[in-house]
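All remarks here apply to the structure that follows.
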Number of protein chains: 2
Amino acid sequence: MAEAKTTVSPAAVRDAALTLFAERGYHGTALSQIAAALGIRTPSLYNHMRAKQDLLRDIVADTTEQVWADYEAAVAGIDDVAERLRRATRVYALRHATHRREALIVNRDIASLEDPARTTVLELRRRHAHAFRSLIEQAGPTDEESATLAAFGILEMCVSIARWFHEDGPLSAEAVADKYSEYALRVAGLA
Amino acid sequence: MAEAKTTVSPAAVRDAALTLFAERGYHGTALSQIAAALGIRTPSLYNHMRAKQDLLRDIVADTTEQVWADYEAAVAGIDDVAERLRRATRVYALRHATHRREALIVNRDIASLEDPARTTVLELRRRHAHAFRSLIEQAGPTDEESATLAAFGILEMCVSIARWFHEDGPLSAEAVADKYSEYALRVAGLA
DNA sequence: CCTACCGATCGGTAGG
DNA sequence: CCTACCGATCGGTAGG
């Protein structure tokens, strides 16, 4: 496990935590494993972080905020509702291909996040899901119940990308994101 | 936490483990919490189980086997490929509404399962995913790559049900399963 | 079903 | 960046 790293930084600790949390989960990862991956002893980690929980909080909070920023940028200035849904799905899918570890951690370890961060993150995720539901309601030939079902289904479909996507696979992240945003329109009854 | 249970059984221990593993994850749940939920002391659990890992193994192995049995029963005797896909999706979605805790644990804690059970379970899950991909390939106007993408997307869409479904909600498990199997056909390009 | 207890490991601190 | 060490808790056993 020990690497020949000469300098460790907060960013390096976060990167090692990303890999291990994504593989084994927050509670399944010991700080000693993160230290070993960096080639240092456990207490030395505390030169680059405050607590294990802070690693999780930073990863989950940053990712959730970026998901929301992605969404807002994707739909800005677009009037056609179907096109708004396509773009919103496309950036969400794309993020799950390009930030696989972050996506897996957010979807698996949110219950391990302590308040107040947990409440803030859940609120932002609810806002994101609600925005999707609104788009589907506005655009589609769909009742309110179905819009909720479809929104959850579309979002979770995108999450699946983080489970199997590989950069060196036959399809690029962009190609996968295009496919899934097309699927989203079909689920919403728009294609 | 302590309940007024008068008799504890292996089934009761498993049920308590289902609830707690689904809420906090395998590594996030202590045996002392399972014992407290049953109103007994931790060592008394060992009258009803062999080890914590066995609880996880039984839950994950049984669930995975039932998913495969559901699939085989759903497509048996059906010739039309689109109808096979619809029925396969319907039973998979239905299980995620009626066995929410089991579904959440399988999808979250499979990495915490030790070999050889882990290998067996992953092989069976692969077989299930491959069967879906084959159905989509046979039925749809879709190339091989897209069939793989669509299969993963459809399966994960069904998993989302376990995250939000409630028995006392506005839609029955059957209604939700019907909706999602319709979505599957749309994603596969068949509706 | 319990009390008493085990070695191992956890996240984190002291102090340099 | 380290060694040495802390109290707490983990899964599990002994023995009744």
Side-chain angles (χ1 to χ4, degrees), chain A residues 1-60 105 108-109 111-115 117-118, chain B residues 1-60 105 108-109 111-115 117-118:
Chain A
M1 282 302 144
E3 308 261 318
K5 287 274 186 169
T6 50
T7 42
V8 173
S9 63
V13 172
R14 181 183 168 131
D15 191 73
L18 273 171
T19 297
L20 288 166
F21 288 173
E23 264 177 23
R24 312 155 195 244
Y26 176 74
H27 286 303
T29 303
L31 289 180
S32 62
Q33 297 173 310
I34 296 177
L38 295 164
I40 60 175
R41 305 288 181 173
T42 307
S44 303
L45 287 173
Y46 288 85
N47 293 315
H48 309 289
M49 59 164 220
R50 287 215 310 261
K52 187 190 182 189
Q53 175 73 205
D54 287 21
L55 289 175
L56 179 65
R57 176 176 43 66
D58 289 349
I59 291 168
V60 173
I105 294 166
R108 174 181 186 165
D109 288 318
S112 303
L113 191 62
E114 295 168 7
D115 273 324
R118 188 168 172 277
Chain B
M1 282 299 145
E3 308 261 320
K5 287 274 187 171
T6 50
T7 42
V8 173
S9 63
V13 172
R14 181 183 167 129
D15 191 72
L18 272 171
T19 298
L20 288 165
F21 288 173
E23 263 176 24
R24 312 156 195 244
Y26 176 74
H27 286 303
T29 303
L31 289 181
S32 61
Q33 297 173 309
I34 296 177
L38 295 164
I40 60 175
R41 305 287 181 174
T42 307
S44 304
L45 287 174
Y46 288 86
N47 294 315
H48 309 290
M49 58 164 223
R50 286 215 311 263
K52 186 189 183 189
Q53 174 73 206
D54 288 20
L55 289 175
L56 179 65
R57 175 175 44 64
D58 289 349
I59 290 167
V60 173
I105 293 166
R108 173 181 186 165
D109 287 317
S112 303
L113 191 62
E114 295 169 7
D115 273 324
R118 188 169 173 276

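Per chain, numbering begins at 1; letters A, B, ... match sequence-line order.
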Considering all heavy atoms, the nearest G25(A)-D109(A) contact | CA-OD2, 3.5 Å
Would you say Q53(B)'s side chain and E114(B)'s backbone share a donor-acceptor pair under 3.5 angstrom?
-> yes
Do side-chain atoms of Y26(B) reach the backbone of L113(B) as a donor and acceptor pair under 3.5 angstrom?
-> no
How would nucleotides 4-16 of chain C be written as a contact map, 5' to 3', with B for base contact, S for sugar-phosphate-only contact and - for no contact, using protein heavy atoms under 4.0 Å?
-> B-----SSBB---
Taking a pair as Watson-Crick (N1 to N3 plus N6-O4 or O6-N4) or G-U wobble (N1-O2 and O6-N3), both under 3.5 Å, which stems of 3 or more consecutive pairs involve DNA chain C?
-> C:1-16 with D:1-16
With side chains defined as the heavy atoms from C-beta onward, is the minimum distance between [X] and [Y] less than 4.5 Å?
| X | Y | answer |
| --- | --- | --- |
| L45(A) | L38(A) | yes |
| H27(B) | S112(B) | yes |
| I34(A) | T29(A) | yes |
| R24(B) | T19(B) | no |

Separation of dC1(D) atom P from I40(A) atom CD1, nearest Å, is 5 Å
Residues at least two apart in sequence or cross-chain that pass side chain to side chain contact (heavy atoms under 4.5 Å, CB included) with D54(B), listed by chain then number, are R50(B), A51(B), R57(B)
Should R41(A) be listed as having a side-chain N or O under 4.0 Å from OP1 or OP2 of dT3(D)?
-> yes
